[in-house]
Amino acid sequence: MFALSLALAAAVCAQVPEEVDLEDRYGARWTPEAAVYQSAALSVVRVRLEARIENISARFGAIEIGGTGERWLSVSNGTGVIYSDRGLVITNAHVVDARKGIALEDQRLRVVLSAEAADDPEEREFSARLLAVDPGIDLALLQIQSERTFSRIPFGRDDDLLIGEKVVTLGAPFGRSLMLSSGILSALDQEVLIADSDGVTKRMNGLIQTDAAVNEGFSGGPMMNAYGELIGITVSRVEAAEGIAYAIPIAQINASLRDRLLGNSWTGMKVVAAGPSGWPQVERVHPRGPAARAGIVVGDRILLANERPIGRLEQWADVLTGHQAGDSIELLVRRSGEGERAHGMTLELLDAELRDSLGLFGAEFVRGSY
């Protein structure tokens, strides 16, 4: 089983040529942690919230810093994971929380890729914008402001967490380069009191507990299994109990993406990842929702959206993120049982609030079993 986990993890190592067998190359040095780092580093970013020096000086007094022109100071640092190859990033809400007394126009978000993602430091840092926040479970969704393609992190199953299994976390403590920490999954379904940046305490339920050592900058970073799959987002550590840290489990992350972070419009259908490649397929259609009106039926496989090829669930999520209620999306779907025949149709998005009056579900994104 040990050799199998190493081989599976090494297989997703994008930055190493396929002909190089890293287990043979490094021998006993090639650990499960090393394999996970190699597979995940491209998909983990540093997240930095900055504020204009002049604004901070006006509030807190003079701040001495070198340089001239427009100057920015970091006021919050954390970590994030790339959810989509189009640059969607999941992190903790408290990492990007607007600081009281600092106007929004005097703040900016920056995302920094790992050194493994690009050789040139100037090609690793990007501006980002905040798309949505789910304060109830401390998650936020960002959009990297770039046209390039990014490496996304694979999601683990939300019903397959094992107490005692090895877990690996990545984070950027104090805004520095990525750091790895490993341990075991110690407990599930934990209830924890957490204090935010303003000292306000709130209760969080259903968290994963681990003995992996984490620091403040790990907030928003991934907790992964031995295959390098995301199983949680690190949310806190307990100061008074050394060696205990917590993460938001993958099931809550999926639910937040479905209902809050990506759910600003209603499609009237549930889309899941199906087949060997995880293509987007319609699993459920509300009889009075937008999908039914467009002619979509259960089993339809989404091929194109506004002439853009859709091969994975995350690509369908990208399309919806770029639209709002009132927009129309031109779809091309392949119907189950009809071979290669394709159907064109127009999906008109409705406001997400109509789910409560017209139906019980809307745009849902879950990982299918395959």
Side-chain angles (χ1 to χ4, degrees), residues 42-56 70-114 117-118 121-153 172 175 196-197 217 219-222 233 248 253 256-265 305-306 308 314-327 329 349 351-352 363 365:
L42 295 177
S43 306
V44 181
V45 300
R46 288 183 282 157
V47 178
R48 188 170 70 240
L49 177 65
E50 299 178 337
R52 283 194 177 90
I53 293 296
E54 291 77 13
N55 181 283
I56 298 179
E70 190 175 47
R71 297 172 297 172
W72 297 82
L73 183 69
S74 174
V75 295
S76 178
N77 289 282
T79 309
V81 294
I82 298 177
Y83 167 71
S84 155
D85 57 13
R86 304 289 289 185
L88 295 179
V89 173
I90 305 170
T91 186
N92 281 151
H94 74 261
V95 171
V96 296
D97 184 33
R99 294 306 191 257
K100 293 180 179 179
I102 303 177
L104 289 177
E105 59 268 24
D106 290 327
Q107 302 182 49
R108 71 178 186 183
L109 281 170
R110 306 290 288 176
V111 167
V112 184
L113 305 183
S114 67
E122 294 184 358
E123 297 178 0
R124 299 205 303 262
E125 184 165 336
F126 302 89
S127 296
R129 66 187 179 96
L130 181 62
L131 293 180
V133 175
D134 187 350
I137 63 168
D138 196 16
L139 288 179
L141 187 68
L142 315 180
Q143 174 71 67
I144 300 176
Q145 303 295 88
S146 172
E147 295 299 320
R148 62 161 286 181
T149 299
F150 297 89
S151 178
R152 64 184 182 88
I153 197 165
D196 62 19
S197 57
S219 291
I233 294 290
I248 303 164
I253 297 168
S256 181
L257 285 166
R258 179 184 68 231
D259 300 330
R260 298 294 300 272
L261 299 180
L262 292 170
N264 58 354
S265 60
N306 291 339
R308 174 186 167 187
E314 291 80 7
Q315 293 174 323
W316 173 238
D318 285 342
V319 171
L320 291 183
T321 301
H323 291 79
Q324 57 187 357
D327 290 346
I329 301 175
L349 302 178
D351 193 292
F365 312 94

Check whether any side-chain heavy atom of [X] lies under 4.5 Å from a side-chain heavy atom of [Y], and answer yes or no.
| X | Y | result |
| --- | --- | --- |
| Gln145 | Val111 | no |
| Ile153 | Ile90 | no |
| Arg148 | Phe150 | yes |

Using only atom types and a distance under 3.5 Å, with no angle test, would you say the side chain of Thr79 pairs donor to acceptor with the backbone of Ala172? yes

Any donor-acceptor N/O pair, Ser43 side chain to Ser151 backbone, under 3.5 Å: yes

Kindly write out the residues that satisfy side chain to side chain contact (heavy atoms under 4.5 Å, CB included) with Ser84, not counting sequence neighbours, or none if the list is empty. Arg86, Leu88, Glu314, Asp318

Answer with yes or no whether the side chains of Arg48 and Ser76 bring together a donor and an acceptor at under 3.5 Å. no

Please name the pair of heavy atoms, one in [X] and one in [Y], separated by the smallest distance, quoted to 0.1 Å.
| X | Y | answer |
| --- | --- | --- |
| Ser127 | Arg110 | OG-NH1, 2.6 Å |
| Val95 | Leu49 | O-CB, 4.0 Å |
| Ala305 | Ile329 | CB-CG2, 4.0 Å |
| Gly220 | Thr91 | CA-OG1, 3.7 Å |
| Val81 | Gly221 | CG1-C, 4.3 Å |
| Ile82 | Val89 | CG1-CG2, 4.2 Å |

Atom pair [atom1] ([X]) and [atom2] ([Y]), whose distance is rounded to the nearest 0.5 Å:
| X | Y | atom1 | atom2 | result |
| --- | --- | --- | --- | --- |
| Asp97 | Gln107 | CG | CD | 8.5 Å |
| Asp106 | Glu50 | CG | CD | 12.5 Å |
| Leu113 | Glu125 | CG | CD | 9.5 Å |
| Leu141 | Tyr83 | CG | OH | 8.5 Å |

Partner set under salt bridge (charged side-chain N to carboxylate O under 4.0 Å, His left out) for Glu123, not counting sequence neighbours: none

Show me the side-chain donor-acceptor pairs of residues 128-139 shorter than 3.5 Å, one per line, residues at least two apart or across chains.
{"residue": "Asp134", "atom": "OD1", "partner": "Gly136", "partner atom": "N", "Å": "3.4"}
{"residue": "Asp134", "atom": "OD2", "partner": "Ser256", "partner atom": "OG", "Å": "2.7"}
{"residue": "Asp138", "atom": "OD1", "partner": "Ala93", "partner atom": "N", "Å": "3.0"}
{"residue": "Asp138", "atom": "OD1", "partner": "His94", "partner atom": "N", "Å": "2.9"}
{"residue": "Asp138", "atom": "OD1", "partner": "His94", "partner atom": "ND1", "Å": "3.4"}
{"residue": "Asp138", "atom": "OD2", "partner": "His94", "partner atom": "ND1", "Å": "2.7"}

